[in-house]
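Below you'll find the structure, written out as structure tokens, and then a few comments.
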Amino acid sequence: MGAVYRCEGISGVNCSGVSGSTSLATNGTIELRTEYTINTSLEVNKTITNINQDNLKWNDSSSNASCVAIYNITGLVASTDYYIYNNSVEISESPLQADGSGNLALFNVTLGSEHKIEVTGTSPNTAPTITANVTKPDNVYTNTDWMLNLTVTDPDSGDNLTAYTEFYVNSSSVGSVYSLNVTNGTNTNVDNLSTSEFNKGATLIAEFWAGDETENTTKYNTTEITVLNSLPSQVNLSYPENNDSFFTNRTPRFNWTAATDADDDILVYQFQLSIHSDVSSPLIDEENMSNLYYDQQTELDFDTYYWKVRANDSEGAGVWSDIWNFTLTPSVSIVFVNDSISFGSMELNEINDTTNDAPKPFILEHMGNTEANVSIKATSLWSSASAPLNTSYFQFKADNSTETNSFDWLNSQTIWSDMSDIYKEIIGKFNYSDSNDLAEIEIRVKVPLDEIPVQKSSIITVYGIES
Amino acid sequence: MKLKPILLIIVIFALVNQVYALGITPSHVDVIFEPSLEKTIQLKVINDGYKEFDAFVYAEGELAEYVTIDNPIVRLSKDQDSKIISYKINLPENFEKKGAHSANIVIREIPKETKGKTTVTASIAVASVLKVIVPYEGKYAEIRLFIPKFKNGKESNFSVEVRNLGTEKILEAQAVIEIYDPLKNKIATITTNKISIKSKEENLLTASWTPDVGSGNYYAVATLVYDKLNAMEEKLFTVGELLPEIISISVSNFKLGGIAKFDILVKNNWNEELKGVFAETSVKDKKGEIYTSFKTISLDIPEFGSQEFNAYWDTSKVIPGTYNLDIILNYLGEKTEKIFEIFVEYDKIRVSVIGQVIGEQEKPSLLKSVNTLTLLVLMFIVVNIVVVIIIVKLLKRSKKIKKQ
């Protein structure tokens with residue numbers, strides 16, 4: 001055989017050919033024998049770089065690419081597994097266990113270009129893997145952080161595992177790489193992207209990887225998600241109060257409190273009013289209102305009403321408010337601006353009345369919400385037997401106030417009528433609208449000739465009832 | 001008159017002891033008769049005058065004997081705007097007469113002692129009417145029509161509230177709603193769903209309508225047809241909003257220093273004539289200083305028609321620049337305001353709505369006049385050029401003739 005060996009070794013290693021096709025490298029304890037299977041002339045180079053019972057490393061090359069090197073190693077630690085790498089790739093037979101004498105079973109490598117062979121008693125590191133990545137929530141809004149959960153697994157028990165994360169908003173990195181120690185095989189929330197970092201419509205990606213202090217996984221990206229629009233919050237209603245069964249304003253202002261919007265969008269409101277308890281077939285369906293109220297323009301009829309409001313941003317509507325109801329009831333309410341008239345001292349047979357505003361007449365206002373008829377009665381004013389009630393000594397009539405058309409003139413007592421102790425109608429269809437709800441009750445008194453000169457007084461009672 | 005409640009409160013405080021008020025709600029209560037019905041009914045006594053007073057509560061009228069008032073004296077203090085009171089009814093086994101029977105529940109102030117010479121003092125009583133309706137023999141229904149706020153092109157529903165005040169069940173009830181314009185032309189007929197209604201119960205019918213008519217006043221007649229009988233209710237209602245619109249503003253023959261005459265064209269989108277419309281105009285500079293205020297004469301605008309209003313501005317002390325023209329349209333006691341930006345130049349005034357040009361699709365007459373003027377100037381230049389060319393040619397020809 002025409003082989004040429006070139007065998008080099010580190011200090012303390014003897015390296016030589018021992019026969020025609022075999023070389024030997026030894027440190028005195030460990031022997032590495034290599035048998036080359038090619039009988040034709042070739043050149044073999046061997047360089048020993050490490051040799052001890054825990055680890056052997058050498059480089060082998062052959063000028064013939066078909067040359068197979070068969071390695072026979074002795075002097076190793078008995079009954080110990082040894083891992084064998086050819087150019088850092090573990091060979092298929094690995095690991096091999098040294099027998100009770102420290103001899104390793106033969107293994108071979110096909111040479112050619114230089115091969116880096118390693119035999120080591122230490123198990124090799126295995127890179128971790130990321131077995132699960134989950135982002136939460138599925139739909140991302142500006143009011144919730146975006147969370148990344150990873151499960152990192154590593155077959156090498158005892159490795160310190162670290163997850164690394166970097167978030168990108170609209171393709172730009174946010175902050176620096178964040179690292180977190182994680183437990184092997186445990187799903188862990190490794191990082192959160194704060195809501196303060198993104199707005200509606202932003203695209204989010206998380207780049208992540210893991211390492212075991214020896215090796216890192218490759219870097220992965222999550223699926224890109226787009227931050228969705230947050231709909232406005234539910235509106236809270238304010239007025240008319242819920243279940244008010246004595247509500248009397250026929251043109252109320254419906255109030256509610258402002259909704260909130262996580263995106264700070266401009267909000268408008270939709271208001272619905274109905275006599276149906278589910279607010280179907282609304283009588284009012286007003287949209288795109290920027291105010292927090294709706295002013296009822298026309299008078300509502302007396303009934304129970306149901307209403308609700310919701311807020312809209314530019315992309316959609318929030319949920320409807322609770323449905324509130326109120327019952328609009330008719331009311332009659334009479335207000336006297338002045339409740340007494342004093343004619344002062346009067347002479348016998350003197351006549352005075354309130355038509356010249358001296359003294360002023362009674363001024364009534366109807367503060368109710370439905371037309372009313374008003375009647376009047378009185379107690380006796382005079383003590384004289386010649387001037388009882390139902391005589392011209394004490395009379396009344398209705399008159400216009402500063403607000404004309406406040407009552408039905410033709411169906412009212414607008415000429416003097418004798419005061420009675422039973423009710424007599426004075427005002428018909430007393431109006432209640434703000435601009436036409438004032439009327440005057442004029443009083444006329446005449447002092448009887450035989451009236452005793454003492455203080456005189458009468459109480460009139462004005463009686464309002466729905467027309 | 002939204003200020004009136006405030007004014008009234010001021011008056012109330014100013015007159016403290018002089019104002020006196022008493023109110024009641026509901027001012028009527030309907031009860032459908034049931035034999036031996038016992039029921040408690042609540043009323044709210046309203047103390048709008050915030051005055052301390054005592055009042056009697058009593059029943060009078062046909063049904064008074066069936067009414068029990070547990071607390072016949074009600075006391076209100078100055079800080080109570082209202083108080084809930086109640087009364088009980090205990091109806092007999094039957095009433096011979098069908099239909100309505102009533103009693104008045106009266107709340108009457110207990111008058112206080114009066115002092116003074118020849119004094120007349122007022123006290124108030126108000127009543128709530130209790131109406132007991134004894135169902136009519138057979139079938140009988142009453143209806144109420146509820147009309148939504150209709151907008152053009154938007155579907156909304158009429159609602160018809162049906163009360164079965166007969167002794168028998170209504171097997172099938174359906175309402176037909178006819179809609180008329182102000183000239184009583186029928187413009188639509190719609191029908192509701194069909195329902196059955198038990199005796200003494202009520203239910204709602206609905207019918208949808210999408211107005212395709214001009215804004216304005218309309219009239220709805222609802223007829224409930226129930227088991228070969230019918231009941232009817234009529235109501236006025238509106239479609240859209242009454243809002244006259246300024247469709248153009250033009251200033252013609254303007255020279256700075258003279259009187260600018262603004263021609264303000266106002267359109268009435270309502271289906272009835274708008275009477276007594278006038279505009280109040282004011283011109284302000286950008287600092288808000290008012291240069292002129294003007295009130296136009298009152299004019300009527302026909303239904304769906306338009307009317308021109310004229311406002312004037314003496315520009316003798318005005319310098320070219322940008323001003324605001326504020327126009328308040330007054331109509332039927334209502335007002336609508338719009339602000340325009342006007343650009344005063346030496347021989348013209350251009351107008352635009354703040355933030356937008358008026359009538360962008362249909363150019364305002366001012367813009368039209370500017371374009372017309374431009375065309376006339378161009379035509380004038382072209383004619384002049386042609387005339388000059390002709391004259392030059394004629395001169396050349398005459399020179400040639402002279403040389404010959």
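Chain letters run A, B, ... following the sequence lines, proteins first and then strands; every chain starts at 1. Heavy-atom basis, side chains included; hydrogens, waters and symmetry copies ignored.
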*Within 45° of the axis and under 6.0 Å from the centre of the six-membered ring of Tyr423(A), does NZ or CZ of Lys377(A) qualify?*
yes
_Side chain, backbone, both or neither of Leu381(A) within contact of chain B (heavy atoms, under 4.5 Å)_ = side chain
*What part of Thr370(A) gets closer than 4.5 Å to chain B, counting heavy atoms only: side chain, backbone, both or neither?*
side chain
*Can you tell me if Thr192(B) and Thr206(B) form a side-chain donor-acceptor pair at under 3.5 Å?*
no
*Of all the residues in residues 281-290 of chain A, which have a heavy atom that comes within less than 4.5 Å of a heavy atom in chain B?*
Ser281(A), Pro282(A), Leu283(A), Ile284(A), Asp285(A), Glu286(A), Glu287(A)
*Which members of residues 239-248 of chain A, sorted by number, sit under 4.5 angstrom from chain B on a heavy-atom basis?*
Phe246(A), Thr248(A)
*asked:* Given heavy-atom pairs under 4.5 angstrom as the criterion, report whether the side chain, backbone, both or neither of Ile105(B) touches chain A.
replied: neither
_Carboxylate-amine/guanidinium contact Arg108(B) Asp54(B), below 4.0 Å_ = no
*Sort Asp303(A) into side chain, backbone, both or neither according to what part of it lies under 4.5 angstrom from a heavy atom of chain B.*
both
*Heavy-atom distances under 4.5 Å only: say whether Val29(B) touches chain A with side chain, backbone, both or neither.*
neither
*Interface moiety of Phe362(A) toward chain B, non-hydrogen atoms closer than 4.5 Å*: side chain
*Toward chain A, the part of Ile107(B) with a non-hydrogen atom under 4.5 Å*: neither
*asked:* Taking side chain as everything from C-beta outward and backbone as N, CA, C, O, which of these in Ile334(A) sits under 4.5 Å from a heavy atom of chain B? Side chain, backbone, both or neither.
replied: both
_salt bridge (Lys or Arg N to Asp or Glu O under 4.0 Å) between Arg444(A) and Asp418(A), intermediate numbers included_ = CA-CA 9 Å; Arg444(A) 181 179 183 273; Asp418(A) 299 340; over 6 Å; no
*asked:* Can you tell me which portion of Val126(B) sits under 4.5 Å from chain A's heavy atoms? Options are side chain, backbone, both or neither.
replied: both
*With no hydrogens and no angle check, do the side chains of Thr354(A) and Lys360(A) hold a donor and an acceptor under 3.5 Å apart?*
no
*So what's closer than 4.5 Å to chain A heavy atoms on Glu161(B): side chain, backbone, both or neither?*
side chain
